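To keep things clear, I will list the structure first and then write my remarks on it.
This one's a predicted model, so the numbers in the text were calculated from it and none came from an experiment.
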Amino acid sequence: MAHPLTNAQIADSLEELGDLYELDGADRHRVLAYRRAARAIRESSASVAALVGEGRARELPGIGQTLEAKIGDLLAYGEIPAAVALKQRYPAGVIALTRLPGIGPKRARALFTDLGIDSPAALRAAAAAGRLRTERGFGPKFEANVLAATAQELTGGPSRVLLPRALELGEELVAGLLDSGPPAANAQIAGSARRMVEAVGDLDLVATADDPAALADAFAALPQIEVVLQSGPAAVRARTHMGLDVDLRLARPAEHGNLLQHFTGSAQHNEALRADARARGYHVSEHGVSEEASGRLHTFAEEQGVYSLLGYRPIPPELRENRGELQAAREHGPGLPELVRERDVRGDLHCHTVASDGRAQIEEMALAAAARGYEYLAITDHSASHGFGKAVSPAQLRDQIERIHRLNSSGLGIRLLAGSEVNILPDGSLDYDDDLLGELDWVIASIHTSFRLSEQRMTERLVSAMRHPAVDAIAHPTGRLIEQRPSYALDRETLFEVAAQTGTFLEINANPLRRDLSEQDARAAAQAGVLLVVNSDAHSTEMLALLRYGIATARRGWLRAADVANTRSWEELQRMGKRGRRMPPAS
DNA sequence: GCCGTTTTCGGCCCGACTGTTTTCAGTCG
């Protein structure tokens with residue numbers, strides 16, 4: 001095909017077309033259909049361009065005949081004709097208006113058609129001149145808000161923060177609420193942070209109190225709060241000094257379960273839950289579940305009450321993304337997997353010491369890992385050609401192997417594995433020779449250079465590494481950095497197929513900036529028969545605790561303990577991987 | 001535009017808050 005686009009590029013095009021239809025006043029369900037389709041494409045582990053080529057695009061949820069044809073046009077001609085026509089009527093700056101707070105498609109369209117405003121800059125100028133209030137439905141308050149919003153936008157605007165910062169702030173605020181004068185009976189983190197997503201755009205809290213108004217006042221007085229943006233009897237929205245907005249929702253204790261369920265989301269999960277409930281005569285909101293026939297309202301102090309009433313088994317927050325969890329959790333459905341837990345992990349197979357770019361000695365890492373209850377820890381410093389920080393020469397690595405063997409016989413309380421994080425060079429070869437690699441207990445290979453290879457060359461590079469008999473696992477297999485850098489070009493289906501064939505483990509790197517494989521890729525890999533390992537990639541003793549974020553990704557990818565090899569003993573893990581295939585079977 | 005325990009047409013989640021209105025539309029989550 002003429003334009004081999006990535007899933008992200010196809011999704012962007014459909015989202016843009018949805019925005020254009022919305023500006024044009026299309027039925028909102030039609031617009032939502034474009035957004036749903038874009039999300040399914042973005043989350044697909046398989047190449048959607050390839051699916052379209054095979055005539056299989058309609059296997060994706062939310063893709064029907066029309067969208068399949070439009071994606072086909074996009075791939076064949078590089079553009080969707082309907083989008084080209086609409087873009088002539090609405091300049092790109094009009095869509096940009098809808099990104100400003102308080103401006104949606106209706107207002108953007110009115111501003112453009114009646115006042116000729118075609119960009120945020122033009123809007124700002126019109127607000128400064130007091131021209132906006134001449135339009136019906138707009139007043140001086142709106143002009144003031146525009147000036148404030150565009151000023152912030154010009155200085156970069158708020159961006160999403162990684163999960164650890166959001167959780168840290170959330171825990172501080174929850175503690176503040178619980179300690180505040182008027183008693184909060186309960187306060188907890190909800191929203192996307194509770195679902196353990198990668199990065200959050202704002203923080204959601206729920207609290208119960210017999211006097212909600214007093215609790216709202218106490219919230220506004222917490223030292224983390226910079227300014228209250230909105231305030232009502234049931235909700236407070238505020239900006240923190242960190243720049244992250246916080247929504248606090250308040251309810252009486254008897255409705256806490258309803259509120260927590262609602263406010264944990266995701267929006268897509270709730271939407272599907274409510275549609276399903278509605279078909280069976282229930283209306284679901286944060287205030288309760290009402291029966292259509294009798295009008296009876298069911299409220300619950302515990303969240304599970306909502307799910308039980310509607311006929312669902314418990315659904316862990318990490319799964320609430322409308323990715324099949326509702327169907328699986330139905331009382332007569334197939335059931336949800338028993339998700340892997342942090343305490344199932346028996347060893348960490350990726351960490352660094354002062355030998356390369358880590359901060360601690362081997363002994364310190366070993367003691368910290370033993371304190372976490374691990375049975376084994378692989379020391380995997382960077383290999384010879386790493387290029388930044390200290391590189392470990394072959395002679396230094398041989399010394400380190402000796403040192404680890406000595407430590408193992410000295411009774412540390414944990415088994416240390418002599419390992420390395422070996423660079424995969426652009427041609428797919430490794431930067432230690434095979435003899436040296438053969439002396440190691442554990443080899444994890446990864447890419448740290450030449451990220452811009454073509455999809456074909458990058459895939460071949462990784463395939464070569466996985467076919468190498470000494471390579472046990474691939475670390476951070478896609479190279480993405482959350483909110484900073486997308487994955488390098490890569491054929492994931494081939495990656496998973498070869499990993500399964502060769503018995504190479506794929507890592508879920510737990511560093512909160514990586515979480516690589518992603519949840520979608522991890523789920524697709526496991527379905528393809530790949531075994532995963534969840535590792536901290538710790539560069540200090542404290543960083544061993546980052547494992548929780550890798551476990552969160554594994555859980556969001558529907559993985560069970562059986563899908564994660566380092567929930568097994570070291571002996572068992574070896575048998576499950578490539579080493580097991582080159583050893584004679586145990587009699 | 002999609003989809004089917006509502007099944008090829010007629011539905012598609014629900015409420016809070018704001019700023020405007022003169023009883024409510026628009027936006028947001």
Side-chain angles (χ1 to χ4, degrees), chain A residues 14 17-18 21-22 25-40 57-58 60-71 80 82 97-111 132-133 135-146 149 190-192 200-206 212 216 228-238 245-251 255 258-259 261-290 292 310-311 322 326-327 330-333:
Chain A
L14 292 188
L17 182 52
Y21 276 134
E22 188 176 43
D27 178 80
R28 71 190 174 93
H29 300 294
R30 187 174 172 215
V31 175
L32 281 174
Y34 278 87
R35 295 194 179 142
R36 269 196 275 268
R39 178 175 186 252
R58 294 175 70 177
L60 290 169
I63 308 280
Q65 197 175 5
T66 306
L67 279 170
E68 181 178 41
K70 284 188 166 152
I71 300 167
I80 302 173
L97 292 180
T98 68
R99 309 275 180 257
L100 295 169
I103 300 181
K106 301 270 172 57
R107 284 177 170 167
R109 185 183 182 190
L111 291 166
L132 298 181
R133 66 188 72 184
E135 178 74 5
R136 182 181 167 80
F138 297 82
K141 195 76 189 244
F142 180 81
E143 286 174 346
N145 288 344
V146 162
S192 57
V200 308
D202 64 6
L203 182 64
D204 301 316
L205 304 178
V206 299
V228 172
L229 302 171
Q230 293 180 357
S231 186
V236 184
R237 187 173 179 86
D245 285 359
V246 183
D247 266 322
L248 171 68
R249 297 273 173 137
L250 305 162
E255 299 165 17
N258 302 88
L259 183 69
Q261 190 285 321
H262 165 78
F263 218 32
T264 296
S266 65
Q268 290 86 354
H269 172 88
N270 283 349
E271 194 179 321
L273 177 80
R274 289 168 177 197
D276 182 50
R278 205 160 194 273
R280 289 178 294 130
Y282 292 102
H283 288 272
V284 181
S285 82
E286 59 264 52
H287 304 299
V289 182
S290 64
E292 200 164 40
L310 296 172
N322 195 27
L326 287 165
Q327 294 85 335
R330 290 304 304 261
E331 263 147 16
H332 300 294

Quick one: label V31(A) by what it contacts on the DNA or RNA (base, sugar-phosphate, nothing), any heavy atom closer than 4.0 Å.
-> nothing
Report the residues that fulfil side-chain contact (heavy atoms from CB on, under 4.5 Å) with S231(A), sequence neighbours left out, ordered by chain and then residue number.
-> V228(A), V236(A)
D204(A) or R58(A): which one's nearest nucleotide on DNA chain B is closer to the 5' end?
-> R58(A)
What string of B, S and - do you get for nucleotides 16-24 of chain B, 5' to 3', when a contact is any protein heavy atom under 4.0 Å?
-> SSSSS-S--
ring-ring contact (aromatic ring centres under 6.0 Å, His included) partners for Y34(A), two or more places apart | Y21(A)
Counting any heavy atom closer than 4.0 Å, what does R237(A) reach on the DNA or RNA strands: base, sugar-phosphate only, or nothing?
-> sugar-phosphate
Residues touching DNA chain B, which here means a heavy atom under 4.0 Å, drawn from residues 261-277 of chain A = E271(A), R274(A), A275(A)
Out of dC2(B), dT27(B), dC14(B), whichever nucleotide has its closest atom nearest the side chain of L67(A) | dC2(B)
Taken in chain and number order and not counting sequence neighbours, the residues that satisfy side-chain contact (heavy atoms from CB on, under 4.5 Å) with T264(A) are A190(A), R194(A), R195(A), L260(A), E303(A), P317(A), R320(A)
Using the test ring-ring contact (aromatic ring centres under 6.0 Å, His included), find all partners of F138(A) that sit at least two apart in sequence or belong to another chain.
-> F142(A)
Please name all residues satisfying side-chain contact (heavy atoms from CB on, under 4.5 Å) with E68(A), sequence neighbours left out, ordered by chain then number.
-> A57(A), R58(A), I63(A)
side-chain contact (heavy atoms from CB on, under 4.5 Å) partners for D247(A), two or more places apart | D202(A), D204(A), R237(A), F263(A)
Pick base, sugar-phosphate or nothing for I103(A), based on heavy-atom distances below 4.0 Å to the nucleic acid.
-> sugar-phosphate
Residues two or more places apart in sequence or in another chain: which of them pass salt bridge (charged side-chain N to carboxylate O under 4.0 Å, His left out) with R274(A)?
-> none
